[in-house]
There are 2 protein chains.
Amino acid sequence: MLDKTNNTFKYDFKGLSMTTERTASMEDYLEAIAVLREEEVEVRVTQISKRLGVKKPSVTAALHKLSEDGLVKHRRYGHVELTGKGRKIAEEVMRRHEVLFRFLSEILGVDSDTAQEDACKVEHSLSPTSLERLAKFVEFVLTCPRGEPLWHKGFNYFVEHGERDQEIVANCLEKES
Amino acid sequence: MLDKTNNTFKYDFKGLSMTTERTASMEDYLEAIAVLREEEVEVRVTQISKRLGVKKPSVTAALHKLSEDGLVKHRRYGHVELTGKGRKIAEEVMRRHEVLFRFLSEILGVDSDTAQEDACKVEHSLSPTSLERLAKFVEFVLTCPRGEPLWHKGFNYFVEHGERDQEIVANCLEKES
DNA sequence: ATGTATTGTTAGTCTTGTCTAACATCTATT
DNA sequence: AATAGATGTTAGACAAGACTAACAATACAT
């Protein structure tokens with residue numbers, strides 16, 4: 001779905017093909033740097049370039065801007081580091097990513113790859129207000145004292161069979177009275 | 001939150017202020033045209049311009065592109081109409097918007113204005129796969145045979161009080177055995 | 001220590017979508 | 001029918017972010 005060669009997101013809908021450009025925003029760079037920092041000894045332009053599917057000159061340009069904004073430290077031909085400010089933003093972006101990813105994969109049951117891609121895209125557009133609600137929701141569902149909530153089993157059945165599991169419905173309604 | 005004057009989306013996070021540009025994509029234009037079509041006799045450049053918070057020349061430019069792509073019909077100084085193809089896309093976008101809006105407002109309990117704004121932004125980035133799941137989820141929750149699901153009451157309590165409603169938890173666990 | 005391969009940067013171009021300023025057309029009122 | 005005001009369009013500029021081609025610095029291997 002995500003085409004690394006031209007960084008284009010393509011999908012088909014009822015015979016219509018639509019293409020939506022995806023652009024790595026400055027937040028993506030910060031996030032990438034933070035993630036790479038955990039995996040590598042030194043963060044270098046080439047790593048960032050590969051991770052974001054972007055050519056090296058784009059990385060250099062982005063680093064210039066981020067440097068000006070005081071979010072990264074970067075000397076010519078040197079490695080890359082986040083400043084305190086940059087790290088704070090990166091951590092917030094990663095948190096948003098994590099919330100979205102868990103919601104998509106663990107609650108909605110979207111496959112992991114798609115969930116990752118979508119989290120990357122949505123993490124920049126959802127307002128803090130909605131994201132906090134979603135975070136609460138994910139926490140609420142995944143820390144259910146009974147383990148997997150019954151209704152969630154019901155949802156999975158619903159997705160798979162296109163109708164509700166009558167046993168669960170009965171179980172549920174019974175408590176109504 | 002959404003500043004109509006410069007079409008900028010601004011928010012603060014722990015002392016850091018970030019600004020994210022928002023750009024009305026071609027899908028936004030199609031959606032706007034479709035919505036206006038339901039409200040007005042004729043869809044005109046000025047209406048679209050107001051609805052999307054962009055200047056009129058931007059609308060004209062967008063209409064040129066959409067015309068070339070065969071998605072709208074538009075003669076100089078005339079009104080705007082969707083082609084069949086354009087309408088199909090617009091309807092799909094509206095459906096995505098609707099799903100996201102209902103999820104945010106009716107399930108997460110996000111206020112209506114924020115939910116609208118976020119739906120507008122997210123509707124372009126979520127993959128069809130995830131969106132279908134979300135649609136199922138919204139349908140599943142909102143057509144619960146017992147009315148509002150008990151767990152949803154529990155969630156609202158959780159958001160409001162920061163902890164679970166022990167009565168609901170007990171009720172829920174009791175059925176475990 | 002020197003030369004080759006890797007890595008990074010610069011310069012210049014393209015695309016997308018926005019804007020302002022100036023101009024063109026339409027409409028409705030007299 | 002003439003004209004004022006509203007509505008649309010053109011032209012030209014700008015910003016962000018990507019790309020390629022060419023050049024510069026580094027690092028490693030002999």
Side-chain angles (χ1 to χ4, degrees), chain A residues 2-9 18-33 36 40-69 71-81 120-121 124-125, chain B residues 2-9 18-33 36 40-69 71-81 120-121 124-125:
Chain A
L2 188 63
D3 182 351
K4 291 298 185 192
T5 53
N6 66 358
N7 207 35
T8 271
F9 180 70
M18 310 198 41
T19 300
T20 305
E21 291 306 321
R22 240 219 104 218
T23 256
S25 75
M26 291 302 112
E27 286 187 350
D28 286 307
Y29 282 99
L30 292 176
E31 186 185 21
I33 294 164
L36 288 169
E40 315 274 338
V41 186
E42 279 193 338
V43 181
R44 315 214 114 257
V45 167
T46 304
Q47 311 299 318
I48 301 172
S49 155
K50 281 185 186 142
R51 175 163 235 277
L52 293 180
V54 132
K55 301 296 182 189
K56 288 182 286 183
S58 308
V59 177
T60 303
L63 292 177
H64 279 155
K65 185 163 303 180
L66 292 169
S67 283
E68 276 177 18
D69 294 350
L71 302 175
V72 305
K73 271 185 300 187
H74 177 230
R75 292 182 321 287
R76 271 174 121 240
Y77 299 101
H79 62 112
V80 181
E81 266 178 294
C120 278
K121 290 178 283 165
H124 306 296
S125 35
Chain B
L2 189 61
D3 182 351
K4 291 297 183 192
T5 53
N6 65 359
N7 207 35
T8 272
F9 180 69
M18 310 199 40
T19 300
T20 304
E21 291 306 320
R22 241 220 102 218
T23 255
S25 75
M26 291 302 113
E27 287 187 350
D28 286 307
Y29 282 99
L30 292 177
E31 187 185 21
I33 294 164
L36 288 169
E40 316 274 339
V41 186
E42 281 193 337
V43 181
R44 317 214 113 257
V45 167
T46 304
Q47 311 298 317
I48 301 172
S49 155
K50 280 185 187 143
R51 173 163 237 276
L52 294 180
V54 299
K55 301 297 181 187
K56 288 182 285 184
S58 308
V59 176
T60 303
L63 291 178
H64 280 154
K65 185 163 303 179
L66 291 170
S67 282
E68 276 178 17
D69 294 351
L71 302 175
V72 305
K73 271 185 298 188
H74 176 231
R75 293 183 321 287
R76 272 175 121 240
Y77 300 101
H79 62 112
V80 181
E81 266 178 294
C120 278
K121 289 178 283 166
H124 306 296
S125 35

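Letters A, B, ... are given to chains in the order of the sequence lines, protein chains preceding strands, and every chain is numbered from 1. Because the structure is a prediction, the values reported are computed rather than measured. These numbers come from the heavy atoms of this one structure, side chains and all, not from hydrogens, waters or symmetry mates.
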Determine whether [X] and [Y] make a side-chain contact, defined as any pair of heavy atoms from C-beta on separated by less than 4.5 Å.
X: B:V59; Y: B:T46; value: no
X: B:V80; Y: B:K73; value: no
X: A:Y29; Y: A:V54; value: yes
X: B:M26; Y: B:L30; value: no
X: B:L63; Y: B:I33; value: yes

Please report the distance, rounded to the nearest Å, between [atom1] in [X] and [atom2] in [N].
X: B:L52; N: C:dC19; atom1: CG; atom2: P; result: 10 Å
X: B:E42; N: C:dC26; atom1: CD; atom2: C1'; result: 12 Å
X: A:E40; N: C:dT7; atom1: CD; atom2: P; result: 12 Å
X: A:D69; N: D:dA16; atom1: CG; atom2: P; result: 10 Å

Q: Enter the inter-axis angle for the ends of the helix from C:dA1-D:dT30 to C:dT30-D:dA1 (five pairs per end, rounded to 10°).
A: 0°
Q: Please step through side chain to side chain contact (heavy atoms under 4.5 Å, CB included) for the pair A:H124 and A:D28, ending with a clear verdict.
A: CA-CA 9 Å; A:H124 306 296; A:D28 286 307; 2.9 Å; yes
Every protein N/O lying under 3.5 Å from an N/O of nucleotides 5-11 of chain D:
{"residue": "D:dG8", "atom": "OP1", "partner": "B:R44", "partner atom": "NH1", "Å": "2.4"}
{"residue": "D:dG8", "atom": "OP2", "partner": "B:T46", "partner atom": "N", "Å": "2.9"}
{"residue": "D:dG8", "atom": "OP2", "partner": "B:T46", "partner atom": "OG1", "Å": "2.3"}
{"residue": "D:dT9", "atom": "OP1", "partner": "B:H74", "partner atom": "NE2", "Å": "3.3"}
{"residue": "D:dT9", "atom": "OP1", "partner": "B:Y77", "partner atom": "N", "Å": "3.2"}
{"residue": "D:dT9", "atom": "OP2", "partner": "B:T60", "partner atom": "OG1", "Å": "2.9"}
{"residue": "D:dT9", "atom": "O3'", "partner": "B:R76", "partner atom": "NH2", "Å": "3.4"}
{"residue": "D:dT10", "atom": "OP1", "partner": "B:R76", "partner atom": "NE", "Å": "3.3"}

Q: Between C:dG17, D:dC19, C:dC19, spot the one nearest the side chain of B:M26, thanks.
A: C:dG17
Q) Got a second to check how far B:Q47's CD is from B:L52's CG, nearest 0.5 Å? A) 11.5 Å
Q: Not counting sequence neighbours, which residues clear side chain to side chain contact (heavy atoms under 4.5 Å, CB included) with A:H79? List them please.
A: A:E42, A:R44, A:E81
